[in-house]
There are 2 protein chains.
Amino acid sequence: MFKKILIAEDFQDTNKGIVNALENRLQIEEIQEELYCDKAYNRFKLAFNEGEPYELLITDLSFKEGPAARKLTSGQALIKAVRDIDPNIKVIVNSMIDNPVEINPLFTDLKINAYVCKGRNGLNELVTAIQEAYQNRTYVSPQINLNSANTIFELDKYDRMILQDLAEGLTKKEISEKLKRQNISPNSESTIDKKVSRLFDAFGAKNIQHLIAKLIKEGRI
Amino acid sequence: MFKKILIAEDFQDTNKGIVNALENRLQIEEIQEELYCDKAYNRFKLAFNEGEPYELLITDLSFKEGPAARKLTSGQALIKAVRDIDPNIKVIVNSMIDNPVEINPLFTDLKINAYVCKGRNGLNELVTAIQEAYQNRTYVSPQINLNSANTIFELDKYDRMILQDLAEGLTKKEISEKLKRQNISPNSESTIDKKVSRLFDAFGAKNIQHLIAKLIKEGRI
DNA sequence: TAATCCCTTACGGATTTCCGTAAGGGATTA
DNA sequence: TAATCCCTTACGGAAATCCGTAAGGGATTA
């Protein structure tokens, strides 16, 4: 079993719950818990340079700002930074996000080994995830259906940009002018009009404010 | 010190962290943890009826749906239900919400004794909150400034209702018709037009979608 | 008691939105 | 090679939005 695990989690009560479970249920010998991404990164780097690396990183995704300036502001940034040091480090994400569209890239882009969704069975799932990761198997909390991520209408970068501009109060005319200034194509007012209409159909929205409201609530913009 | 405490928290890792701290740092004799509001309510009611009531309720605010149907879907609902049984029950809310506008009503309406914001110092604050509540003193996590809640432009019920309808894609004309059907006054299209314009000014929004986007992101609707 | 304030309501003009129709052109398919 | 598909772009009509002006009326104030 893993002997040396690093935990990055900014909630103290959650942190203690995890440490408690790892000690009592998995008898992990060496557990280091950090509340800040930067500190977790420094811990990881130091241990790696001393020839006694951490074998597993367990991290949350969102980290509240603290009093000190931060280089690494999220779990995703921490994973990337840590992978620069050790490309083969095993990573488990333990977060409250349950949207497959947001979880999928953690596997495809960040190559995590397991995803545990915080919930009523979260510690049990985390214990299982650690065991599976040790056996080189991928694990995802059972209630998460990653396959649905591929059937959900996904916003591309262009659509998202338009939507963000609309949410900022710009008119379609203003967005068109902005895209023309930035040499981004396509950029006519009609194109934007048409694309927004197609998004109405895709998301079942009646007008711009309905669409914006839906997408913000779903965490897409 | 309290001898019998009931905890309602739907994340297992957080739950265990809290129980661990209460046992090790406060030597609380009897701690009951529940993952569901309904179960926490039933526990409370049963203990009260047996003449051995819980002295303190520590609850989160948001609870994910589970497989079973729920009567009580939130910490707020649980607090209200529990207060119906014992109006003098002491309550500590332990949640990740840090918006004073959302925290203030917990004190003014639900009469909670303490609010602990989940964070890096969360367990320490929770321990302090329990001690303060025992001494009949109010406690709020230090980083929360409740006084700022009173300077923030607050939406009244009418405004909120209009905004929610706009976010649902209804036009001002449709909202006017709806208010007339429901005999809610005022209800003219012009009034709605004027009120929305005043909200533009109050929140610095350029149009409806800008306003809706801001308010959803701020957690006001 | 009269003046003032502010809300509700109406109206209208300019702009934007929503949606349908249509043309051009590049890529794909038969 | 011709037909088809789909995107981009344009245009126009009806509806909605945005915003200014104005009147009526209830409550407040001098």
Side-chain angles (χ1 to χ4, degrees), chain A residues 150-218 220-221, chain B residues 151 153-218 220-221:
Chain A
N150 299 326
T151 62
I152 288 176
F153 188 96
E154 194 166 343
L155 299 168
D156 64 26
K157 192 174 167 181
Y158 186 91
D159 286 342
R160 194 189 310 273
M161 181 176 56
I162 300 293
L163 290 162
Q164 277 158 357
D165 280 346
L166 286 170
E168 285 289 316
L170 295 174
T171 65
K172 289 168 186 167
K173 184 177 184 179
E174 289 169 335
I175 294 173
S176 170
E177 287 162 359
K178 175 186 172 186
L179 293 177
K180 279 167 178 165
R181 282 198 302 276
Q182 294 174 345
N183 277 323
I184 295 174
S185 189
N187 52 36
S188 76
E189 206 178 322
S190 288
T191 294
I192 294 165
D193 192 21
K194 286 279 166 268
K195 281 184 175 286
V196 173
S197 281
R198 284 197 283 275
L199 291 171
F200 286 166
D201 293 338
F203 291 97
K206 295 172 187 165
N207 50 32
I208 293 180
Q209 51 264 33
H210 195 195
L211 179 63
I212 295 297
K214 274 177 173 260
L215 296 181
I216 292 180
K217 284 171 181 173
E218 287 176 23
R220 293 176 188 263
I221 57 171
Chain B
T151 61
F153 188 96
E154 194 165 342
L155 298 168
D156 63 27
K157 190 174 168 182
Y158 186 91
D159 287 341
R160 195 189 309 273
M161 180 175 58
I162 298 293
L163 290 163
Q164 277 159 355
D165 280 346
L166 287 171
E168 284 290 313
L170 296 174
T171 66
K172 290 168 186 168
K173 184 177 183 177
E174 289 169 335
I175 294 172
S176 171
E177 288 163 358
K178 175 186 172 187
L179 293 177
K180 281 166 179 167
R181 284 198 301 277
Q182 294 175 344
N183 277 322
I184 295 173
S185 190
N187 53 33
S188 77
E189 206 178 321
S190 289
T191 294
I192 294 166
D193 192 19
K194 286 279 167 269
K195 281 184 175 287
V196 174
S197 281
R198 281 196 285 275
L199 291 172
F200 286 166
D201 293 338
F203 290 98
K206 296 172 186 167
N207 50 30
I208 293 179
Q209 51 263 32
H210 194 194
L211 180 62
I212 296 295
K214 275 177 174 261
L215 296 179
I216 292 178
K217 284 170 179 172
E218 286 176 25
R220 293 172 187 267
I221 59 168

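Every chain is numbered from 1, with letters handed out A, B, ... down the list of sequences.
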Nearest-Å distance, [atom1] ([X]) to [atom2] ([N])?
| X | N | atom1 | atom2 | value |
| --- | --- | --- | --- | --- |
| A:Glu189 | D:dG12 | CD | P | 14 Å |
| A:Leu179 | D:dT8 | CG | C1' | 13 Å |
| B:Glu174 | D:dA15 | CD | P | 13 Å |
| B:Asp159 | C:dC7 | CG | P | 11 Å |
| A:Ile208 | D:dA15 | CD1 | P | 19 Å |
| B:Ile175 | D:dA15 | CD1 | P | 19 Å |
| A:Asp201 | C:dC19 | CG | P | 8 Å |
| A:Ile184 | D:dT8 | CD1 | C1' | 16 Å |

Return the nearest nucleotide to the side chain of [X]; candidates are [options].
| X | options | result |
| --- | --- | --- |
| A:Lys172 | D:dC18, D:dT9, C:dC18 | C:dC18 |
| A:Phe200 | D:dC11, C:dC18, C:dT9 | C:dC18 |
| B:Asp193 | D:dT9, C:dT8, D:dC19 | D:dC19 |
| B:Asn187 | C:dT9, D:dC11, D:dC19 | C:dT9 |
| B:Lys173 | C:dA10, D:dA16, D:dT9 | D:dA16 |

- Identify whether any heavy atom of B:Asn207 sits under 4.0 Å from a base atom; if not, whether one sits that close to sugar-phosphate; answer base, sugar-phosphate or nothing. sugar-phosphate
- Message: Using only modelled atom types and a 3.5 angstrom limit, is any donor from either the side chain of B:Thr171 or the base of D:dA16 paired with an acceptor on the other?
- Response: no
- Message: Between B:Lys214 and B:Ala205 (side chain of the first, backbone of the second, donor and acceptor by atom type, cut-off under 3.5 Å), is there such a pair?
- Response: no
- Task: Apply side chain to side chain contact (heavy atoms under 4.5 Å, CB included) to the pair A:Asp159 and A:Arg198, showing each step before the final yes or no.
- Result: CA-CA 10 Å; A:Asp159 286 342; A:Arg198 284 197 283 275; over 6 Å; no
Below 4.5 Å, heavy atoms only, C-beta onward: do [X] and [Y] meet side chain to side chain?
| X | Y | answer |
| --- | --- | --- |
| A:Leu166 | A:Ile192 | no |
| B:Leu179 | B:Met161 | yes |
| A:Ile212 | B:His210 | no |

For [N], give its Watson-Crick or G-U wobble partner with both distances under 3.5 Å, or none.
| N | result |
| --- | --- |
| D:dA30 | C:dT1 |
| D:dG13 | C:dC18 |
| D:dG25 | C:dC6 |

Distance test, side-chain N/O of [X] to OP1/OP2 of [N], below 4.0 Å:
| X | N | answer |
| --- | --- | --- |
| B:Lys195 | C:dT8 | yes |
| B:Lys194 | C:dC6 | no |
| B:Thr191 | C:dT8 | no |

- Message: Test side chain to side chain contact (heavy atoms under 4.5 Å, CB included) on A:Gln209 and B:Leu211; report intermediate values, then the result.
- Response: CA-CA 9 Å; A:Gln209 51 264 33; B:Leu211 180 62; over 6 Å; no
- Note on the structure: Per nearest nucleotide of DNA chain C, the residue lying toward the 5' end, A:Val196 or B:Ser190, is B:Ser190
